[in-house]
J.: 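There's a structure below that I have some questions on.
A, B, ... follow the sequence lines: proteins, then strands. Residue 1 opens every chain.
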Amino acid sequence: MEERYTPAEIESKWQKLWEDSKTYKVSDDPKKEKFYLLEMFPYPSGKIHIGHVRNYTIGDVVARYKHMKGFNVLHPMGWDAFGMPAENAAIANRTHPAIWTYNNIDTMRRQLKQMGFSYDWDREIATCRPEYYRWEQWLFLKMYENGMAYRKESYVNWCDPCQTVLANEQVEAGMCWRCGKPVRQKKLAQWFFRITDYADDLLVHCDLLPGWPDMVVAMQKNWIGKSAGAEIHFNVENSSEQIVVFTTRQDTVFGATFMCLAPEHPMVQKLSLGTSQEHLVNDFIERISMQDRSSKGIETYEKEGVFTGAWCINPLSGTRMPIYTANFALMGYGTGAVMSVPAHDQRDFDFAKKYGLEIVLVVKPNADLDVATMSEAYPGDGIMVNSGNFNGMQNELALESIADYLEVHRLGKRTVSFRLRDWGISRQRYWGAPIPMIHCDACGIVPVPEKELPVVLPEDADLLVGGLSPLPTLDYFARTTCPKCGSHSARRETDTMDTFVESSWYFQRYCSPDYHDGMFDHKSVDYWMPVDQYIGGVEHAILHLLYSRYYTRVLRDMGLISYKEPFTRLLTQGMVCKETVHCPTHGYLFPEEATEGKDRRCKRCHHSVTIGRVEKMSKSKKNVVDPHILLEKYGADTTRLFCLFASPPERSLEWNEQGVEGSFRFLNRVWRLCAAWMPFVRSAAAFDGAMDDLAPELRGLYKKIHQTIFKVTSDIEDRFHFNTAISAVMELVNMLYGFSVDERSPAITGLFRLAIESVILLLSPVTPHIADEIWSELGNTSIYAASWPIYRPEALLKDMLTVVVQINGKLRSKFSVAADIDDAAIEQIALSDERIKKVIDGKPIKKIVVVQKKLVNIVI
RNA sequence: GCCUGGGUGGCGGAACAGGUAGACGCAAGGGACUUAAAAUCCCUCGGAGCUUAGCUCUGUACGAGUUCGAUUCUCGUCCCAGGCACCA
């Protein structure tokens, strides 16, 4: 065995060997228990970044561990290859989205292979391939048939100069992120998936996901946002029209003094028609449509509204209520109409104060609360007042009584409302999966016949000026014949699908990636699915996971699969962070642009730099580490080791170059230890006897070996706490350094063989290259095929115990005793301890607590 | 505002079921080896104090509480991070 650890040589050697012998290829084997381990597939953005490295290292350790435990492990990798960055890059670099994407995939595949991940590369998929998205189109047709996919008019963020739809995150303070011009709301016909049909089911099953982090479950629940309340009908004065509102506070209906409709509400213009308010209302609607109503913009606008000129009648109090249209009423929630109760809702209170509207108190917590002196709304509980027959009732009871009353008198009914809206999947983009629909002047919307799938995205088209999709202008794509009437003037749908659609089912495709007769081979899916462990960034905690859960239900209800939840266990890893370096003249600096040491300075201007707080790595802050550099300098094993050692996976990881050095040093230590002992242990048999066969001075080591196996196994199995697992191995290695090769004996050699084997086996999921190298030096073949070591429970038993003695809960002394001692004897030893006697100093003992074989607490 | 997490040495982090706080690593300091340096190996390392082989006090954001005993459980406060947010 070489004396020096040379990761560059070892790693490329083993990577080639694994690839040539298809070490990580896996196939369906019903005789073996399966384990499906999946990491969220990456968007091929160029190069892998440190977040990928962390995510995929965590997954790889679990995959390798489960394989060594005897599972048939499915561990695939692929590319979430459609999406806007490809278009942006194409514009910036004057290349083509397809070329850019495929180049990136090649680079990133090579980098992932350099990391030594145990993927079955034969299952690689790229969602931009027609073989993949044809099945997405096929399912779209099925969803269209059963009404799950539908088309409707909907408001979108629209940028006029760019002639394009913007996602909410592309709207910055009401302006287009690209051209900086105002964004307006525009009505467009778009395709939707009816995810709201499953809102309740998705919500209820949140509680049946014990393997998911509580935080993610909570986020999903919030997103779905179910609230129970009532619909109430308000008649419009001098009209046959009715306004329906949704409220969760029907107990306050007697306090409703005005009505607010969303500006887009269909009744707004109708109500103001012909009144003196008409043009004011129209101006208001026009102005509000220019406002950015995405989450970011919303708080910047003041609450405002305009009287429509019409009135409605409160069905319970009989009061006349002015009808307003207001910017805070949202068309997308409830019914788009709000009964405003200023006394008990802060927003309504502010609005009423601004426009001088009446405030009526209907829930009173105590005698002091009075409309005349109220400075804010009272949203809490209390006794009903000003509420007719309901006066004197506790408002929680009135909530039910009034709901009953509404139902009995047909003025409304109990109902639930969800925050979740149907999933709009149309994108006016080029680089996405075409929606397989045809528009015919005569027949309307006609689905593409199944046998004509896939509708292939032309990969050679160029983006138009401003990054617009060329699809509508490409006659050879857009012009087609109507499958129904044969008309030659039919046009294809030129919108493409949201890329979340591809990622909602890819995990199933991995089960049979080359299957040509359907989305997937049922036999394979039945064997592998659901995913046993899913691992990815917490940034996908809501949308990707919710869409995947929804899609899985759609597939199940079509009879294509038999499970409801796609991911049994979920791990969301934390962000990778690093300190920022900021120069007063040059702004953020890359770490290497500043000098080293205590007084760090900008290399260009020699100003002192400020070391900022530790933040998520991002290109804009320049606090990034390129995995490529790490691989060059230390190799994959060190990089993997550090990612796991620095913190537990769900927490954020603070990058620290010296920490990486430490990990590298540890692997060197392991290497030197093995190299030193190799000549002697190579031909020795690992010690296999009982502890009693060993000389007393070797028993400690024997125990340490088994304790380490136990610790590492439970840390990986139960908690994914690789950092403590690695510490345990470090402790064992430290202990082994206490033995000198020069003082070896046959007994030590056998035990050392066991020790070294254990260290290598336990490290192998984390650092597979060095492990395979040393493993082969020991005369073995592939460590991936080896079994995970088993600890001897009897070796964990202690024959001597340390018992702690406390006085009034404070540590005062400790002693060692044989493990089979009883509590009474422990108490006696504690009381006769010299130091304890000194502290007690003859004071009366009130109580003695003995914790079995662990502790004595004497209360004085 | 609401919902999640989190706050432990100079730093990353341990302490898994209330029972020895600070495992393991980094940084720092000291020593050995060396002509020298690197590498390596060994020792020290929360704070304060003292009559310094050791001992005492103090210490897990802050304030209460439960308990023989609290980093761990309960309540309140502050701060940090993430998510949601005119959601009626």
J.: Partner of rG82(B) by Watson-Crick or G-U wobble geometry, both contacts under 3.5 Å, or none?
T.: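 By the stated definition (distances under 3.5 Å), rC3(B) pairs with rG82(B).
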J.: Looking only at atom C1', what distance separates rC24(B) and rU8(B), rounded to whole Å?
T.: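 Their C1' atoms lie roughly 16 Å apart.
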J.: Hey, does F254(A) have a side-chain heavy atom less than 4.5 Å from the side chain of N314(A)?
T.: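 No, every pair of side-chain atoms sits at 4.5 Å or beyond.
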J.: Output yes when at least one side-chain N/O atom of R347(A) is less than 4.0 Å from OP1 or OP2 of rA85(B), else no.
T.: no
J.: Specify the separation, in whole Å, of atom NZ of K810(A) and atom P of rC55(B).
T.: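 Checked: the NZ to P distance equals 16 Å.
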J.: Taking the nucleotide of RNA chain B with the nearest heavy atom to each, does E654(A) or N808(A) sit closer to the 5' end?
T.: E654(A)
J.: Does the structure place the NZ or CZ of R419(A) under 6.0 Å from the centre of the six-membered ring of W223(A), at an angle of no more than 45° from the ring's axis?
T.: yes
J.: Base, sugar-phosphate, or nothing for K846(A), non-hydrogen atoms under 4.0 angstrom?
T.: nothing
J.: Can you confirm whether F710(A) sits close enough to L796(A) that some side-chain heavy atom of one is under 4.5 Å from a side-chain heavy atom of the other?
T.: yes
J.: What integer number of Å spans the C1' atoms of rU67(B) and rC75(B)?
T.: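 Nearest-Å result for rU67(B) against rC75(B) at atom C1': 16 Å.
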J.: How many whole angstroms separate atom CG of D348(A) from atom P of rC86(B)?
T.: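 Distance, rounded to whole Å: 15 Å.
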J.: Roughly, in whole Å, what's the span from CH2 in W671(A) to P in rU40(B)?
T.: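 From W671(A) CH2 to rU40(B) P: 16 Å.
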J.: If pairing requires Watson-Crick or G-U wobble contacts with both distances under 3.5 Å, which nucleotide is the partner of rA48(B)?
T.: rU56(B)
J.: According to the Watson-Crick and G-U wobble definitions, with both distances under 3.5 Å, which nucleotide is paired to rC16(B)?
T.: none
J.: How would you label the contact of R421(A) with the nucleic acid (heavy atoms, under 4.0 Å): base, sugar-phosphate, or nothing?
T.: base
J.: In whole Å, measure the gap between the P atoms of rA39(B) and rU72(B) for me.
T.: 42 Å
J.: Counting the benzene-type ring for Trp, do W655(A) and F642(A) have ring centres under 6.0 Å apart?
T.: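 Yes, close enough.
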J.: Quick check: any donor-acceptor pair below 3.5 Å linking the side-chain of K847(A) to the base of rC68(B)?
T.: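 By the distance-only test, no, there is no pair.
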J.: Any side-chain heavy-atom pair from I224(A) and L546(A) closer than 4.5 angstrom?
T.: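 Of all side-chain heavy-atom pairs linking L546(A) with I224(A), at least one is under 4.5 Å.
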J.: Atom OH of Y333(A) to atom P of rC86(B): distance rounded to whole Å?
T.: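 Atom OH in Y333(A) sits about 12 Å away from atom P in rC86(B).
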J.: Go through rA88(B), rA15(B), rC68(B) for me and flag the one nearest to the R719(A) side chain.
T.: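 Looking only at heavy atoms from C-beta outward on R719(A), the closest nucleotide is rA15(B).
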J.: Do any side-chain nitrogens or oxygens of K221(A) fall under 4.0 Å of OP1 or OP2 in rC84(B)?
T.: no
J.: Going by the angle between their ring planes, with limits at 30° and 60°, are Y547(A) and W423(A) parallel, tilted or perpendicular?
T.: parallel
J.: Rounded to the Å, how far apart are L203(A) CG and rC84(B) P?
T.: 17 Å
J.: Which nucleotide sits closest to the side chain of R672(A): rC41(B), rG83(B), rA88(B)?
T.: rC41(B)
J.: Quick one: what's the B/S/- string for nucleotides 18-26 of chain B, heavy-atom cutoff under 4.0 Å, read 5' to 3'?
T.: -BB--BBSS
J.: Looking only at the side chain of R419(A) (C-beta and beyond, no hydrogens), which of the listed nucleotides rC84(B), rA14(B), rC16(B) gets closest?
T.: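 The answer is rC84(B).
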J.: Could you measure between the two C1' atoms, the one in rA38(B) and the one in rC33(B), and give it in whole Å?
T.: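 Comparing C1' positions in rA38(B) and rC33(B) gives a spacing of 13 Å.
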J.: On a heavy-atom basis, which atom in D637(A) and which in Y5(A) lie closest, and how many Å separate them?
T.: CB-OH, 3.9 Å
J.: What about the rings of F328(A) and F351(A), do their centers lie closer together than 6.0 Å?
T.: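 Centroid distance F328(A)-F351(A): below 6.0 Å, so yes.
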J.: Output the rounded distance in Å from CZ (F349(A)) to C1' (rA88(B)).
T.: 17 Å
J.: Using the C1' atom on both, measure rG59(B) against rG5(B) and round to a whole Å.
T.: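 To the nearest whole Å, 25 Å.
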J.: Answer whether the closest heavy-atom distance between the side chains of D823(A) and Q852(A) falls below 4.5 Å.
T.: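 D823(A) vs Q852(A): side chains touch.
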J.: Under a 3.5 Å cut-off for both distances, is rA70(B) Watson-Crick or wobble paired, and to whom?
T.: none
J.: Would you indicate whether the side-chain heavy atoms of I845(A) and I858(A) approach each other to under 4.5 Å?
T.: yes
J.: Would you mind telling me which residue lines up with the more 5' stretch of RNA chain B, M339(A) or M219(A), judged by nearest nucleotide?
T.: M219(A)
J.: Would you mind calling rG9(B) syn or anti? Take O4'-C1'-N9-C4 for purines or O4'-C1'-N1-C2 for pyrimidines, and syn is within 90° of 0.
T.: syn
J.: Measuring only the P atom in each nucleotide, how far is rA48(B) from rA85(B)? A whole number of Å is fine.
T.: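 The same atom, P, in both gives a distance of 49 Å.
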J.: Which part of the nucleic acid does P213(A) contact within heavy-atom distance under 4.0 Å: base, sugar-phosphate only, or nothing?
T.: nothing
J.: Please state the P separation for the pair rA21(B) and rU58(B) - nearest whole angstrom.
T.: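 Their P atoms lie roughly 13 Å apart.
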J.: In whole angstrom, give the distance that lies between atom CG of D214(A) and atom C1' of rG6(B).
T.: 14 Å
J.: At less than 4.0 Å, is any side-chain N or O atom of R651(A) found next to OP1 or OP2 of rA14(B)? Yes or no.
T.: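 So the side-chain polar atoms of R651(A) do come within 4.0 Å of the phosphate oxygens OP1 or OP2 of rA14(B), strictly under.
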J.: When you compare rG12(B) with rG18(B), how far apart are their P atoms, in angstrom units rounded to a whole number?
T.: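 Approximately 26 Å lies between the P atom of rG12(B) and that of rG18(B).
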J.: For I542(A), answer base if it contacts any base atom (sugar-phosphate contacts may also be present), sugar-phosphate if it contacts only those atoms, and nothing otherwise; contact means non-hydrogen atoms under 4.0 Å.
T.: sugar-phosphate
J.: Return the nucleotide paired to rG10(B): Watson-Crick means purine N1 to pyrimidine N3 with N6-O4 or O6-N4, wobble means G-U with N1-O2 and O6-N3, both under 3.5 Å.
T.: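 Paired with rC26(B).
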J.: Is there a Watson-Crick or G-U wobble partner for rG76(B) with both distances under 3.5 Å, and which nucleotide is it?
T.: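 Pairing partner, where one exists within any strand: rC62(B).
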J.: Looking for any heavy atom pair under 4.0 Å, which part of the strands does K616(A) touch: base, sugar-phosphate only, or nothing?
T.: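 Nothing, no nucleic acid heavy atom in range.
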J.: rU56(B) P sits how many Å from K838(A) NZ, rounded?
T.: 7 Å
J.: Please work out which of the three classes, parallel, tilted or perpendicular, describes the rings of F664(A) and Y634(A), given edges at 30° and 60°.
T.: perpendicular
J.: In Watson-Crick or G-U wobble terms, both distances under 3.5 Å, what is the partner of rA38(B)?
T.: none
J.: Would you indicate what S714(A) reaches in the nucleic acid, counting non-hydrogen atoms under 4.0 angstrom: base, sugar-phosphate, or nothing?
T.: nothing
